[in-house]
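Below: one structure, written as structure tokens.
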Amino acid sequence: MDDSAASIADFIGPLRVAPGSKVRLGQDFDPRYRAGLKKRDGVELLRSGVALLAEYQERLAAQDTQGVLLCLQALDAGGKDGTIRHVMSGVNPQGVKVSSFKVPSSEELSHDYLWRYVRRLPARGEIAIFNRSHYEEVLVVRVHPENLIRQKLPEQAREDDVWARRYREINDWERYLTDNGFRVVKVFLNLSEEEQRIRFLKRIDLPEKNWKFSAADVRERRHWDAYQRAFSEMLSATSTPWAPWYVVPADRKWFARICTAAILAHTLMDIDPRYPVVSEEARQDLRTARRELEEEAPCGAAADPYEAGHGSAGGGTEAGRGRAKGRRGGRG
Ligand code: ATP
Ligand code: MG
């Protein structure tokens with residue numbers, strides 16, 4: 001592990017939920033934690049994190065054997081949208097696909113509960129982001145069990161402990177994805193009750209933020225304690241060695257963003273994707289193509305202006321230049 005990989009691992013270490021540990025959110029994780037950093041440190045850190053992600057994403061796409069799924073969970077006003085916008089600001093949009101999961105449609109409800117998430121998984125070489133995820137199935141559905149009725153489960157599938165079973169199924173599914181080359185990265189943006197209150201008020205007070213306000217969010221807030229319990233149980237049951245949870249302190253948006261960038265960067269560095277090595281046969285094709293292109297150089301132009309500008313020492317160029325010169329002479 002090089003220095004930057006080691007310091008990223010140290011930085012995100014305290015946010016990781018140790019597999020098998022029992023989480024009590026209110027006591028174990030502080031939404032205001034900021035690792036001793038100041039907001040002005042955050043700007044530079046985020047910039048380098050974003051640059052790192054851009055580089056690794058390009059390599060991931062070039063390697064084309066593994067994919068990454070980033071699941072973002074939070075309570076309303078937790079900052080999911082802003083986190084996605086900032087953290088992914090440097091990556092090539094072609095390699096990233098973001099899916100937001102809302103109240104399920106009737107088509108989605110007539111399938112098994114993981115169906116709609118399976119359809120949005122990353123392909124090899126891609127990063128997929130779930131803005132809310134399959135974890136809603138053990139969060140909102142648990143806090144409001146009437147959702148389970150809407151899911152039209154047959155009676156025996158509602159009997160036993162449906163939540164324990166869903167945890168197991170989700171763990172198995174993530175294991176399956178991991179075994180097949182898809183990393184699952186899970187981030188919970190941990191917002192305090194007071195910070196949520198302040199953010200809701202801001203959405204009411206500032207006209208340009210009014211569109212973000214929803215009365216339903218305030219109704220949901222009345223279930224704060226039930227959500228904290230559901231989150232705590234979910235974190236305890238589904239932080240696994242293959243797909244651990246990270247609890248990101250979310251009261252300071254700038255800090256939540258650098259943490260999320262660091263967590264994603266950590267995963268990509270661990271994958272360490274490489275540009276494919278060009279075979280001898282493909283290299284031969286490159287040489288042939290270069291000769292052909294050099295011979296097409298118009299009169300007065302360098303045979304290979306790119307190489308001329310960069311002064312690289314590519315093999316075979318002298319021969320190419322000679323031929324191009326000859327041809328230009330013939331034309332002129
Ligand atoms: P934003 O408010 O920033 O646009 P959001 O993710 O809160 O983003 P909304 O449309 O406000 O989007 O809310 C989506 C709602 O859908 C949430 O209340 C969430 O709990 C609910 N939801 C998501 N998945 C499920 C599910 N499987 N069953 C029932 N409700 C769900
Ligand atoms: Mg909302």
Side-chain angles (χ1 to χ4, degrees), residues 25 69-88 97-121 128-153 157-158 162-163 165-167 169-170 173-174 186-191 193 195-235 237-238 248 250-251 253 256-257 260:
L25 256 190
L69 170 63
L70 171 65
C71 302
L72 268 183
Q73 284 293 152
L75 283 172
D76 293 302
K80 293 182 274 97
D81 292 350
T83 300
I84 295 171
R85 198 171 58 243
H86 282 84
V87 170
M88 305 313 284
K97 129 174 132 190
V98 183
S99 304
S100 300
F101 295 100
K102 315 272 181 185
V103 176
S105 68
S106 60
E107 187 192 19
E108 288 168 344
L109 286 170
S110 50
H111 289 267
D112 63 281
Y113 73 93
L114 288 177
W115 181 78
R116 67 172 180 159
Y117 308 98
V118 172
R119 304 173 85 209
R120 310 298 305 173
L121 285 171
I129 300 180
F130 282 3
N131 181 348
R132 299 188 188 269
S133 69
H134 48 295
Y135 283 98
E136 291 292 328
E137 307 295 336
V138 292
L139 291 167
V140 65
V141 181
R142 183 165 194 179
V143 173
H144 301 284
E146 61 274 20
N147 283 301
L148 211 49
I149 312 284
R150 265 184 233 126
Q151 293 187 349
K152 299 190 279 190
L153 292 171
R158 265 183 281 134
V162 65
W163 311 117
R165 208 185 61 228
R166 284 194 172 190
Y167 294 145
E169 289 159 352
I170 288 172
W173 183 53
E174 292 177 356
K186 304 184 298 201
V187 167
F188 167 52
L189 299 175
N190 186 26
L191 186 72
E193 195 172 9
E195 181 63 22
Q196 189 193 53
R197 190 180 75 89
I198 295 169
R199 289 187 190 174
F200 282 169
L201 283 169
K202 196 167 170 187
R203 289 177 179 187
I204 295 170
D205 293 342
L206 298 178
E208 70 276 17
K209 296 228 179 227
N210 283 172
W211 65 274
K212 276 191 171 185
F213 180 77
S214 139
D217 291 356
V218 175
R219 279 199 296 280
E220 222 35 30
R221 177 178 163 82
R222 296 182 195 142
H223 302 282
W224 183 272
D225 291 339
Y227 270 108
Q228 294 300 107
R229 277 195 300 277
F231 272 112
S232 297
E233 275 207 33
M234 171 203 85
L235 292 166
T238 60
V248 164
D251 276 14
K253 289 179 179 173
R257 290 166 190 165
T260 307

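In listed order, ligands and their atoms are each counted from 1. Computed from a predicted structure; not experimentally measured.
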*Side chains of Glu220 and His144: do they bring a donor and an acceptor to under 3.5 Å?*
yes

_Arg166 side chain to Glu137 backbone, donor-acceptor under 3.5 Å_ = yes

*For ligand 1, would you mind listing the residues that have at least one heavy atom less than 4.0 Å away, ordered by chain and number?*
Asp76, Lys80, Asp81, Phe101, Lys102, Val103, Pro104, Arg116, Tyr117, Arg132, Glu136, Glu137, Val140, Val141, Asn147

*Output the distance between atom SG (Cys71) and atom CD (Glu136), rounded to the nearest 0.5 Å.*
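Cys71 atom SG to Glu136 atom CD measures 11.0 Å (nearest 0.5 Å).
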
_Spacing of Trp115 atom CH2 and Ser110 atom OG [to the nearest 0.5 Å]_ = 7.0 Å

*Should the ring pair Phe101 and Tyr117 be called parallel, tilted or perpendicular, given that the plane angle runs from 0 to 90° and is split at 30 and 60?*
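Ring orientation of Phe101 relative to Tyr117: tilted.
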
*Out of Arg119, Arg132, Arg120, which residue meets the side-chain hydrogen bond (donor to acceptor under 3.5 Å, both in side chains) rule with Ser99?*
Arg120

